[in-house]
Amino acid sequence: MKQYVDDADGLFFKLSAIGFAGFPDRMAVFPGGRIVFIELKQKGEKPRKLQLYYLRKLARLGFRTEVVDSTEQAKEVVDRYGR
């Protein structure tokens, strides 16, 4: 995913939210001030309840959130927000 974000002139961060288990593990920042919090999962794996809680909370605060479990989804996210 990092390479796709880099190719879109964005920045891709691994987050360490100490004390906030379940917080999304990545953040992508794209030109134009677009920020996306991303939960990366293995193919077919679903987010845990606590992860869904933080994704929904961030969305209610106005941030974009995504769960990505495949290369195809990674490309779609970058196409949606990075271009």
Side-chain angles (χ1 to χ4, degrees):
M1 175 132 205
K2 181 182 182 327
Q3 188 59 51
Y4 301 128
V5 174
D6 288 347
D7 291 347
D9 293 326
L11 297 170
F12 193 62
F13 299 97
K14 178 178 169 109
L15 300 176
S16 296
I18 298 170
F20 289 90
F23 199 79
D25 49 14
R26 301 289 192 277
M27 179 176 68
V29 179
F30 295 102
R34 290 181 301 275
I35 297 171
V36 185
F37 287 94
I38 300 167
E39 183 61 44
L40 291 180
K41 302 308 260 178
Q42 294 293 322
K43 184 72 172 166
E45 189 178 332
K46 302 292 183 204
R48 297 184 323 258
K49 279 185 177 183
L50 191 53
Q51 292 170 325
L52 288 173
Y53 167 81
Y54 279 113
L55 291 168
R56 291 177 182 141
K57 175 89 172 171
L58 288 164
R60 283 194 306 272
L61 291 170
F63 291 99
R64 297 164 179 96
T65 63
E66 297 285 344
V67 177
V68 174
D69 77 346
S70 68
T71 302
E72 295 79 23
Q73 282 183 331
K75 290 178 185 177
E76 289 171 10
V77 168
V78 172
D79 286 344
R80 189 174 314 126
Y81 301 113
R83 305 221 154 87

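Within the model, atoms CE of M1 and CG of L40 stand 6.5 Å from one another, a figure rounded to the nearest 0.5 Å. For the atom pair NZ of K46 and CD of Q51, the computed distance is 12.5 Å after rounding to the nearest 0.5 Å.
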Step-by-step side-chain contact (heavy atoms from CB on, under 4.5 Å) determination, V68 to E39: CA-CA 6 Å; V68 174; E39 183 61 44; over 6 Å; no
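Minimum interatomic distance between A8 and V78 (heavy atoms only, all atoms of both residues): CB-CG1, 3.7 Å. Nearest heavy-atom pair across K43 and S70 is NZ-CB, 3.6 Å.
Cluster membership check: L55 does not share its hydrophobic cluster with V36, using side-chain heavy-atom separations under 4.5 Å among Ile, Leu, Val, Met, Phe, Trp and Tyr.
Within the structure, salt bridge (charged side-chain N to carboxylate O under 4.0 Å, His left out) pairs that include any residue of residues 57-72 comprise E66-R80 (at least two apart or interchain).
A search for side chain to side chain contact (heavy atoms under 4.5 Å, CB included) contacts involving D79 returns R83, not counting sequence neighbours. Shown here are the side chain to side chain contact (heavy atoms under 4.5 Å, CB included) partners of K75, two or more places apart in sequence or in another chain: Y4, T71. Every residue meeting the side-chain hydrogen bond (donor to acceptor under 3.5 Å, both in side chains) condition with E45, not counting sequence neighbours, appears here in chain and number order: K41. Here D6 pairs with K2 under the salt bridge (charged side-chain N to carboxylate O under 4.0 Å, His left out) rule; sequence neighbours left out.
Under the side-chain contact (heavy atoms from CB on, under 4.5 Å) test applied with L52, the options K49, R56, R48 reduce to a single match, R56.
Hydrophobic clustering, defined by side-chain heavy atoms of Ile, Leu, Val, Met, Phe, Trp and Tyr closer than 4.5 Å, groups L11 together with F13, L15, F20, F23, M27, V29, I35, F37, L50, Y53, Y54, L58, L61, F63.
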